[in-house]
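Report on one structure; see the data block that follows.
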Amino acid sequence: MKKFLFGSAALILVMAALFFGNYYWQCSRLPQYMKNPLNTEKEVGRQMHRISVKKETFISVYYPKFFHANIDSTIHAAIDDLVDEFKHEKGRLYIDYSSYDLMENYCSVLLTIDQNGVVTHKAWVFDLEEDEIITMHDIFSADVLSKLEALIEYEEKGDQEAVSSLDDLKNYYLSNQELILFFEHAEEKRVAISLALLKPWIQPSFSYLLIEDSNVRIIDPTKPMIALTYDDGPHPEVTERILNVLKENNSAATFFVLGSRIASHHALIERMIKEGSEIGNHTFGHQDMRKLDKRQLNDQIGAWQDALKEVDATYQMKLVRPTYGATNDFVVKNTSYPLILWSIDTMDWSKKDCDYVVEKVLKEVKDGSVILMHDMYDSTAEATEILVPELIKRGYQCVTISELFNAKGIELEAGHIYHEAN
Ligand code: NI
């Protein structure tokens, strides 16, 4: 009996040694990058590693195990398919994963599959308590489809296949308040959609997925939007009033401040950045850019940036608004930033008349408008207090210049002049 026990123990030890020996021997032959998982988020599941090394075929797979039969077999089956398909090919198959804890027993799993440098993804949302896959039907009501189509079409600029049913959308996951969809084309395409845009269609049992955070502005690229811009500030009272109304309406604007005014208005500049507004360069001392030489022009832009560094060393200024809206070949050639003009001039600086400003904007505004104002006059603050809620009521989103052009798919280029986003 003793002999038998000893024999069994020895056999188990030998088998374990062979198993681990084989694992480490194979592992040692893997290309270096395949020996470790990527530095991705792995919030749930136990990390497992599977390898196979044969002559010219190297396979290394990291995947999560949840100890729930259905979920584990779903992941396993997907990996088995990939490995079986690859095992007779030459080269490298490297699979790693991210997993996200979605609270209340739900989680997302994303496999990143690298087959000889061609990267694709496979994703799921699981219910850990019920040991089930969560489908798009579970999360959304069926009439979300037309909204999804509009958002996907916008993202893909029409370059996508039609989605005829929610059942077509199987390869998806949720993370950080976003729905991420994968489409198989010649090349894989990834579309990320903010969950907040889909709020009206989220089933009550999944509404907890939406973290209501009033500080987060969500821009719907399929809806109209405009950019309010303010030059020559900041001004202690006027700018403050404008920032207040923007904040109350979950909106943002672009402030083309003067470099010479930054040092004395640190707090206002910090507030603009914190509340999601954008800051652009309007030169240091409001010099007519056409009348400068190259060195003076660089000094005007550079001194502005030095002043801003004292407030926020990490802020990336991306825009220049030429003083007086005045440009010529010299200015265009020598400014290494996009030059932002406007499509609606409110004349606020000359008329100082709130009603005139409001009327002019509401008469001329359209999707993509860039509106010029100056945060220097009480009448401009007053007009802004009327305009922001009114524009929202009329279906416009008040966004920054960068957000506006980005949403319209227009890349802002250095030394180009822009009037509106159309
Ligand atoms: Ni100006």
Side-chain angles (χ1 to χ4, degrees), residues 226-243 246 252-265 268-269 272-273 277-293 296-308 311 315 317-328 330-332 334-354 356-357 360-361 364 369-384 387 400-402 404-405 412 414-420:
I226 55 101
L228 297 169
T229 67
Y230 297 91
D231 289 8
D232 301 352
H235 180 286
E237 285 102 44
V238 176
T239 309
E240 171 120 28
R241 279 174 71 183
I242 292 170
L243 285 170
L246 290 171
T254 304
F255 293 88
F256 290 100
V257 303
L258 290 178
S260 59
R261 298 179 72 91
I262 291 175
S264 45
H265 298 98
L268 281 170
I269 302 273
M272 289 171 188
I273 298 171
S277 279
E278 184 164 23
I279 302 168
N281 197 319
H282 197 44
T283 74
F284 188 84
H286 211 273
Q287 309 262 328
D288 187 334
M289 291 162 73
R290 296 168 303 179
K291 295 181 179 153
L292 305 173
D293 63 27
Q296 290 169 322
L297 180 60
N298 285 337
D299 284 352
Q300 280 293 314
I301 304 289
W304 184 102
Q305 289 177 303
D306 291 342
L308 189 71
V311 185
Y315 191 82
M317 184 277 282
K318 296 186 197 131
L319 316 166
V320 167
R321 168 157 287 163
T323 41
Y324 312 103
T327 57
N328 59 13
F330 166 79
V331 172
V332 166
N334 291 289
T335 310
S336 39
Y337 292 92
L339 297 160
I340 309 298
L341 296 182
W342 52 82
S343 58
I344 300 175
D345 183 352
T346 60
M347 303 297 286
D348 63 333
W349 62 276
S350 68
K351 307 236 181 228
K352 299 191 183 68
D353 177 349
C354 167
Y356 181 87
V357 171
K360 180 118 204 257
V361 170
E364 296 182 12
S369 291
V370 175
I371 298 158
L372 169 66
M373 291 191 263
H374 298 77
D375 49 341
M376 296 298 287
Y377 312 104
D378 288 337
S379 53
T380 298
E382 205 184 321
T384 303
L387 278 171
T400 68
I401 290 285
S402 290
L404 176 68
F405 284 84
L412 293 170
H416 286 241
I417 297 172
Y418 299 87
H419 293 272
E420 59 189 334

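In this chain, residues are counted from 1 in sequence order. Just follow the structure's listing: the first ligand is 1, and inside any ligand the first atom is 1.
Here the options are Thr229, Asp348, Thr380, the test is side-chain hydrogen bond (donor to acceptor under 3.5 Å, both in side chains), and the partner is His374; only Asp348 passes.
Near-neighbour remark for the Ni ion (ligand 1): protein N, O or S atoms under 2.8 Å are Asp232 OD1, His282 NE2, His286 NE2; waters not counted.
Taking the six-membered ring for Trp and thresholds of 30 and 60 degrees, Phe255 and Tyr230 have nearly parallel ring planes, at less than 30 degrees apart.
Residues forming a side chain to side chain donor-acceptor pair (under 3.5 Å) with Thr254 (at least two apart in sequence, or on another chain): none. Under the rule for a ring pair (Phe, Tyr, Trp, His ring centres under 6.0 Å), the partners of Phe405 that lie at least two apart in sequence or sit in another chain are Tyr418.
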Just distance, no hydrogens or angles: give the donor-acceptor pairs under 3.5 Å from side chains in residues 336-344, sequence neighbours left out.
{"residue": "Tyr337", "atom": "OH", "partner": "Gln305", "partner atom": "NE2", "Å": "3.0"}
{"residue": "Ser343", "atom": "OG", "partner": "Val370", "partner atom": "N", "Å": "3.0"}
{"residue": "Ser343", "atom": "OG", "partner": "Val370", "partner atom": "O", "Å": "3.3"}

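Within the 4.5 Å cutoff, side-chain heavy atoms of Met373 are placed close to those of Val357.
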